[in-house]
Every structure is written in C-alpha cells, then in structure tokens.
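To keep things clear, I will list the structure first and then write my remarks on it.
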Amino acid sequence: KWIKEMHSKGFNRVLDFGCGTGNVSYHTSYAGFRVVALDTSFEMLKIVRKKIRAGKVCFIRAEGERLPFRNKSFDAVICMGVLHHIKNKISALKEMIRMVKSGGKIYIAEPFLTDSKIFKIYNNFLLLPRIIKNVISGLKNLETEAPITQDELKNICIEVEQSGKQVSVFHYLYLPHVFRFLPEKIQKKLFLALNNHIKIEDNLCWDKLN
C-alpha cells in the first residue's frame with residue numbers, strides 16, 4: 001500500500017531509515033524509486049548491497065539522530081522496525097521530519113503498537129529469547145529492545161503533526177528468531193499469517209490509532 005501511495009503522490013527519492021538487511025530498500029527500488037539505504041552497521045549495508053544488484057540505490061552509514069543530508073532531501077522516509085532500537089526516538093524523528101519535503105510523508109512500522117492482551121502475551125513469550133540473545137551479544141542492545149509504548153507513539157504523531165507533514169503507521173508481530181533458519185518463502189507465509197490483523201492507519205488522529 002505504501003509503494004502504491006508513493007507512486008500516486010509522484011514521490012521519487014526515498015530514505016530507508018535503518019535499512020537492516022534491505023527488504024524495504026529492495027522492494028522500493030525495484031518499484032522504480034531512487035532509494036538511499038541508511039544504517040549504522042557496515043555489515044548490514046554489505047548484506048543490502050549483495051541483495052540489490054540493480055536499481056537506483058545508494059548506501060550510507062550514519063547515526064539516526066544525526067543524518068548527513070540537507071533539509072527536505074527526500075519525498076518520503078520509511079522507518080520499519082527501527083525506532084525501538086533508538087534510545088532518543090524524538091531526536092531521530094525530528095531528523096526524519098527535517099529530511100522530508102513539504103507535501104512528503106513519513107512511514108513508520110513498529111512491533112507491538114497496541115495494548116491488546118494477545119500482543120502482551122506474545123511479547124512476554126519472546127522475552128526470554130530476547131534476553132538470551134542479548135546476553136550472547138554482551139547486553140549491547142538490551143535497553144533498546146523494548147517495544148514502543150502507546151505514549152511514545154502519541155508523542156511521535158504529535159511531533160509529525162506539528163511539523164505540518166503526514167505520517168502513516170502500523171504495528172506488527174515479528175517471527176521469533178528460532179524461525180529464521182527456515183527458507184525465506186516459508187518465513188514470509190508465517191509472517192503474513194501472524195499479521196493478518198494489520199490495518200494501516202493513514203492519518204494523524206490519535207483516537208484512530210488506538
């Protein structure tokens with residue numbers, strides 16, 4: 001839906017904020033957009049370069065709170081599953097707002113953007129695997145692995161609204177890492193089955209995001 005909307009709005013230049021392994025950059029670039037894939041990790045950027053052998057993509061390593069671009073450099077910013085890894089989320093969001101042109105849009109996807117019981121149960125189920133993962137990695141990411149809260153999301157929406165720009169958000173459930181050994185096609189089917197509840201909210205009204 002986001003790609004179709006960006007086409008309808010005549011967007012051209014897109015920033016994949018925290019590109020990770022490059023799924024967003026891959027699909028967005030092959031849909032015809034000029035994409036900047038940005039991440040703090042050289043290793044992640046290497047993976048993306050191997051994945052995207054064609055298309056209009058450039059790769060940049062930078063911190064999310066200090067982006068190396070001029071104001072209004074992009075028509076859109078996509079930030080998928082990244083904000084919960086950033087300690088100062090509002091600072092990162094202000095950088096995204098600075099990057100987007102007038103009439104542009106910020107697209108945000110985050111796990112567990114809800115207070116429903118099923119999400120809480122699922123999140124608690126994944127707590128132990130996350131702790132084990134962080135113990136193995138030296139507790140580097142433990143404090144930034146927590147899902148974004150409803151209050152944090154509300155503050156983010158307020159920041160975007162006050163900037164006079166648009167935002168589109170949705171929440172999702174991610175697959176436990178134990179499933180990552182499965183073929184990508186099977187992972188995709190499991191992910192879609194797990195997330196058949198998704199409804200993308202295309203507005204700035206907090207009441208509708210709840």
Side-chain angles (χ1 to χ4, degrees), residues 1-29 31 33-41 44-45 48 56-113 141 144-172 174 200-206 208-209:
K1 179 179 178 179
W2 286 354
I3 286 175
K4 288 180 180 178
E5 181 180 272
M6 289 192 295
H7 275 305
S8 70
K9 289 179 177 289
F11 289 170
N12 179 36
R13 199 157 186 248
V14 178
L15 174 64
D16 183 3
F17 184 98
C19 63
T21 57
N23 290 327
V24 170
S25 293
Y26 177 88
H27 291 290
T28 309
S29 65
F33 298 96
R34 294 173 59 201
V35 179
V36 173
L38 180 141
D39 205 279
T40 61
S41 168
M44 289 295 185
L45 292 172
V48 183
K56 303 172 183 178
V57 181
C58 65
F59 308 90
I60 293 180
R61 181 188 177 278
E63 298 292 332
E65 297 94 329
R66 297 184 301 277
L67 298 179
F69 307 109
R70 295 179 181 177
N71 295 351
K72 301 179 180 180
S73 296
F74 298 93
D75 297 301
V77 175
I78 298 178
C79 180
M80 189 161 186
V82 178
L83 281 178
H84 65 282
H85 292 296
I86 298 176
K87 191 170 184 179
N88 194 333
K89 299 171 179 61
I90 295 299
S91 292
L93 186 79
K94 286 181 177 178
E95 278 293 270
M96 292 184 224
I97 291 171
R98 183 176 68 82
M99 294 295 96
V100 176
K101 297 176 182 178
S102 300
K105 195 161 186 178
I106 297 170
Y107 297 89
I108 297 173
E110 280 291 317
F112 310 115
L113 292 181
N141 302 313
T144 58
E145 280 288 337
I148 286 183
T149 65
Q150 291 277 17
D151 285 340
E152 286 175 317
L153 177 62
K154 183 176 181 179
N155 290 334
I156 285 170
C157 290
I158 289 171
E159 287 285 340
V160 178
E161 184 177 23
Q162 290 177 344
S163 76
K165 295 170 184 176
Q166 297 178 312
V167 62
S168 179
V169 304
F170 73 83
H171 61 261
Y172 61 93
Y174 59 83
I200 298 177
E201 300 292 351
D202 232 357
N203 53 68
L204 297 176
C205 177
W206 177 245
K208 292 184 179 180
L209 289 177

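No experiment lies behind these values; they were computed from the predicted model shown.
For the pair His27/Ile3, a side-chain contact is recorded, criterion being any heavy-atom separation below 4.5 Å from C-beta on. Contact of the Ile78 side chain with the Trp2 side chain is registered, since non-hydrogen atoms from C-beta on lie closer than 4.5 Å.
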Could you check Tyr107 against Val77 for side-chain contact (heavy atoms from CB on, under 4.5 Å), going step by step and ending with a plain yes or no?
CA-CA 6 Å; Tyr107 297 89; Val77 175; over 6 Å; no
Under the criterion side-chain contact (heavy atoms from CB on, under 4.5 Å), I'd like the reasoning laid out for Gln166 against Val160: C-alpha separation, chi angles, the key distance, then a yes or no.
CA-CA 7 Å; Gln166 297 178 312; Val160 178; 5.9 Å; no
Show, in sequence, the C-alpha distance, side-chain angles and deciding distance for Asp16 and Thr28, and conclude whether the side-chain contact (heavy atoms from CB on, under 4.5 Å) test is met.
CA-CA 9 Å; Asp16 183 3; Thr28 309; over 6 Å; no
Evaluate the side-chain contact (heavy atoms from CB on, under 4.5 Å) criterion for residues Leu67 and Arg98: first the C-alpha distance (whole Å), next the side-chain angles of each, then the deciding distance (0.1 Å), finally the verdict.
CA-CA 9 Å; Leu67 298 179; Arg98 183 176 68 82; 4.2 Å; yes
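Annotation: the span from Glu95 atom CD to Ile86 atom CD1 amounts to 10.5 Å, rounded to 0.5 Å. To the nearest 0.5 angstrom, Leu15 atom CG is 10.0 Å from Ile106 atom CD1. Within the model, atoms CE of Met96 and NZ of Lys89 stand 11.0 Å from one another, a figure rounded to the nearest 0.5 Å. Separation of atoms CZ (Phe59) and CG (Leu38) is listed at 12.0 Å; rounding is to 0.5 Å. Here Lys165 contributes atom NZ and Lys105 contributes atom NZ; the two are 14.0 Å apart, rounded to the nearest 0.5 Å. For the atom pair Cys79 SG and Glu110 CD, the distance stands at 6.0 Å (nearest 0.5 Å).
Atom NZ of Lys72 has 12 or fewer neighbouring heavy atoms from other residues, nucleotides or ligands inside a 6.0 Å radius.
Summarising the geometry of Leu45 relative to Ala37, their closest heavy-atom pair is CD2-O, 3.7 Å, with the distance given to 0.1 Å. Summarising the geometry of Ile60 relative to Pro68, their closest heavy-atom pair is CG2-CG, 4.1 Å, with the distance given to 0.1 Å. When all heavy atoms of Ile97 and Ser163 are compared, the pair lying nearest together is CG2-CB, 3.3 Å. Shortest non-hydrogen contact noted between Ala92 and Leu83 is CB-CD2, 4.5 Å. Nearest heavy-atom pair, Met6 versus Ala76, reported as atom, atom and distance to 0.1 Å: SD-CB, 3.8 Å. When every heavy atom of Gly18 is checked against every heavy atom of Val82, the shortest pair comes out as O-CG2, 3.3 Å.
A salt bridge links Asp75 with Lys101: at least one charged nitrogen is closer than 4.0 Å to a carboxylate oxygen.
Of the possible donor and acceptor atoms, none in the side chain of Arg13 sits under 3.5 Å from a partner among the backbone N and O of Arg34. Asp39 places no side-chain N or O within 3.5 Å of a backbone atom of Met44 that could act as its donor or acceptor partner. Between the His7 side chain and the Ala31 main chain, a donor and an acceptor come within less than 3.5 Å of each other.
Note: Phe69 and Phe74 meet the aromatic proximity criterion, with ring centroids under 6.0 Å apart.
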